[in-house]
Amino acid sequence: MAIQHGSGLGLLRCIVLLCSVGFLCFVTAEAAVKKYQFNVQVKNVSRLCNAKPIVTVNGMFPGPTIYAREGDQVLINVTNSAQYNMSIHWHGLKQFRNGWADGPAYITQCPIKPSNSYTYAFNITGQRGTLWWHAHILWLRATVYGAIVIMPETPAPFPFPQPHQETNIILGEWWNSDVETLVNQANQLGLPPPSSDAHTINGKPGPLFPCSEKHTFAMEVESGKTYLLRIINAALNDELFFAVAGHTMTVVEIDAVYTKPFTTRAILIAPGQTTNVLVKADQTPDRYFMAAKPFMDAPVPVDNKTVTAIFQYKGIPTTILPKLPTSLPASNDTKFALDYASKLKSLNTAQFPANVPLKVDRHMFYTIGLGKNPCPSCQNDTKISASLNNITFVMPKVGLLQAHYFNTSGVFKTDFPDRPPKSFNYTGAPLTANLATSLGTRLSKVAFNTTVELVLQDTNLLTVESHPFHLHGYNFFVVGTGVGNFDPAKDPAKFNLVDPPERNTVGVPTGGWTAIRFRADNPGVWFMHCHLELHTMWGLKMAFVVEDGKSPEQKVLPPPSDLPPC
């Protein structure tokens, strides 16, 4: 059963309605078990005048929304009826001691082979808000993704005005050709695949694209009422600006963590991130475009076209042309991006504290770089690689978590360095010599409950570029960010240790750095990677092995009996 709910209380209203006719009356305010069936299947879908087969969940694009409440247990049985191996990641869920349900292929599990099933079983503890799920193998998340909506434990209200209704806004990308074919062809040449042909909102490109009048998402609003937009960036390779023509937005949550509210004409959202905003329908009743377009302040090609959806006041005829937003920043507006990031702060109240680690046990410094390695079959005899501390991550053939749990030797090493092999002027003139990287499946071993500070430093190896980094299994605090080279003598004095934003995915600015802190209190093997699919494919990834603690409740849970074999 899929429940479409239009307000924060929509799910409860559906439940009350169903109870009144004698169904689903076991649901209470206590923790419930929520069960979902995900059938991964290929379906023909038409966009931009082209039809093609795509991989979907339950034939839906985007896939179904997972609705749950803080404290619930969730069971999602994934049956793979597609021709590809499949795994699904529940992005932003902490999966405490339970990496088996995290999803990245060959990191915490072997993939679900065609005609096989696996049940992801997890508890939602201490989290509420908007997260999302997506395929975590190959480039299949181009079409395999959907929202996760976690309501607060009842009767806890939102710490902001209760909206009249809420809507999911999932930003994505669309290719006219088969994505996996494009990626394989590009890999054989050692080059990036072509940019997407369109961006989408809830799977639809909107009327500025050919053959897309009928592929336009619209939401109807009533004058004077307030709406909660749950915005998710499911794009593979583009950070996006988003705005609603004529209206301001109040940011109230990022990555399922409440923020100090602030008002803005546009938001910036990187792949992997979520942002909840309140929009009041307080303008002249009309039709207004919601729109998104890429942010790119480096010399890198992107799909620079604008996707639109419609913010439609009730009673206005659909024949009227919607107004376009004038508040979308220019594609290379670095100042807006940095200013916007500086406004994000944790709520930091007694109920929702910001527990920033003040004492750091271990300092890490990772350089982010692009490089070139020999490839005799490739164009120019080289292929582009990406690295952290000059190490290009090599994916194993078995799940790293299994290898760690069962102490299997020869799968990975735990010698990932805390610092780069040598220091240099990271963001100075472009570096085009000595671009070879070292290859390896090297992990960083961290003792249980260690407090970690990690500085991610962009470099000008080939080019500077913004990188959204996602850490699995954890939230972290973004305590500092800056342009240029991180200065360990001066920059920490400017860190925000009071109310920094807490999130699971953070953008490292172009030619700059970001400092994050977290407490390693979740044992297991946890992936950290750039959420630009292109860079992940090129090796811009690593993993932490967080060791077990001393007591039984500080150790990785045993693997489930149906864990897929390799």
Parallel, tilted or perpendicular: ring planes of F122 versus W90, cut at 30 and 60 degrees: tilted

M86/V144 under side chain to side chain contact (heavy atoms under 4.5 Å, CB included): CA gap, chis, key distance, verdict: CA-CA 10 Å; M86 176 57 63; V144 180; 4.3 Å; yes

Residue from T79, N80, N77, I88 passing side-chain contact (heavy atoms from CB on, under 4.5 Å) with F38: I88

Side chain to side chain, S444 and D418, heavy atoms closer than 4.5 Å: yes

pair Y106-F527: side-chain heavy atoms closer than 4.5 Å: no

Minimum-distance pair of heavy atoms, taken over all atoms of T367 and T459: CB-CG2, 3.9 Å

Reported CG-to-OH distance for the pair L236 and Y145, which is rounded to 0.5 angstrom: 9.0 Å

Trace of the side chain to side chain contact (heavy atoms under 4.5 Å, CB included) decision for I391 with M542: CA-CA 9 Å; I391 298 162; M542 57 82 66; over 6 Å; no

Steps toward side chain to side chain contact (heavy atoms under 4.5 Å, CB included) verdict (F416, L388): CA-CA 10 Å; F416 192 93; L388 285 166; 3.9 Å; yes

Rounded distance (nearest 0.5 Å) linking atom CZ of F406 with atom CG of L401: 9.0 Å

V277 vs I231 side-chain heavy atoms within contact, under 4.5 Å: yes

Parallel, tilted or perpendicular, as decided by the 30° and 60° cut-offs, for the rings of W513 and F495: tilted

Side chains of Y120 and Q109, donor plus acceptor under 3.5 Å: yes

Given E173, E533, E180, the one that forms salt bridge (charged side-chain N to carboxylate O under 4.0 Å, His left out) with R141: E533

For D499, side chain to side chain contact (heavy atoms under 4.5 Å, CB included) partners two or more places apart: K260, K345, N348, N496

Audit row: T349, Q351, side chain to side chain donor-acceptor pair (under 3.5 Å) steps and yes/no: CA-CA 5 Å; T349 60; Q351 190 181 1; 5.6 Å; no

Check: Y67 side chain, M151 main-chain N or O, donor-acceptor pair, under 3.5 Å: no

Centroid-centroid under 6.0 Å between F476 and Y474 rings: no

Heavy-atom check, side chain of P559 versus side chain of Q402, under 4.5 Å: no

E239 (side chain) donor-acceptor with G507 (main chain) under 3.5 angstrom: no

Positive for side-chain hydrogen bond (donor to acceptor under 3.5 Å, both in side chains) with D102, one of K94, H89, Q95: H89

Pairwise side-chain contact, T108 with H472, heavy-atom cut-off 4.5 Å (strictly under): no

Side chain to side chain contact (heavy atoms under 4.5 Å, CB included) partners for P468, two or more places apart: A270, P271, T505, C530, H531, L532

Parallel, tilted or perpendicular: rings of F365 and Y426 (30°, 60°): tilted

Listed partners of R519 passing side chain to side chain contact (heavy atoms under 4.5 Å, CB included), at least two apart: N449, T451, D521

Check: R97 main-chain N/O paired with N522 side-chain donor or acceptor under 3.5 Å: yes

Partner set under side chain to side chain contact (heavy atoms under 4.5 Å, CB included) for V257, not counting sequence neighbours: N475, E502

W133 (side chain) donor-acceptor with P64 (main chain) under 3.5 angstrom: yes

Donor-acceptor under 3.5 Å (T130 side chain, V149 main chain): no

Whether N485 side chain and T427 backbone form a donor-acceptor pair below 3.5 Å: yes

Aromatic plane relationship, Y258 with F160 - under 30° parallel, 30 to 60° tilted, over 60° perpendicular: perpendicular

Residue pair T392 / T437, side-chain donor-acceptor N/O under 3.5 Å: yes

Exam field: side chain S87 to backbone H136, donor-acceptor pair closer than 3.5 Å: yes

Test item: side-chain donor near acceptor, T514 and T481, under 3.5 Å: yes

Q554 side-chain N/O to K550 backbone N/O, donor-acceptor pair under 3.5 Å: yes

Evaluation steps, side chain to side chain contact (heavy atoms under 4.5 Å, CB included), between R517 and L497: CA-CA 10 Å; R517 287 189 184 183; L497 303 177; 3.6 Å; yes

Check: P501 and I254 side chains under 4.5 Å, non-hydrogen atoms: yes

Heavy-atom check, side chain of H535 versus side chain of H529, under 4.5 Å: no

Test of ring centre spacing under 6.0 Å for Y366 and F469: no

Heavy-atom pair of closest approach, residues S466 and T510: N-OG1, 3.1 Å

Heavy-atom pair of closest approach, residues N373 and S385: ND2-OG, 2.9 Å

Sequence-distant partners of F393, ring-ring contact (aromatic ring centres under 6.0 Å, His included), two or more places apart: none

Non-hydrogen atoms of V508 and D458 that approach each other most closely: CG1-N, 4.1 Å

N/O donor-acceptor pair under 3.5 Å between R230 side chain and I169 backbone: no

Approximate separation, where rounding is to 0.5 Å, of K541 NZ and M528 CE: 13.0 Å

Check: N58 side chain, Q37 main-chain N or O, donor-acceptor pair, under 3.5 Å: yes

Salt bridge (Lys or Arg N to Asp or Glu O under 4.0 Å) partners for K445, two or more places apart: E547

Spacing of L540 atom CG and L370 atom CG [to the nearest 0.5 Å]: 7.5 Å

Min side-chain heavy-atom separation I148-H91 under 4.5 Å: no

Nearest non-hydrogen partners of C110 and G399, listed with the distance: SG-N, 3.7 Å

Inter-residue atom distance W100.CH2 - D562.CG, 0.5 Å rounding: 12.0 Å

Nearest heavy atoms of V252 and P261, plus distance in Å: CG1-CB, 4.3 Å

Spacing of CG belonging to L240 relative to CG belonging to L171, to within rounding of 0.5 Å: 5.5 Å

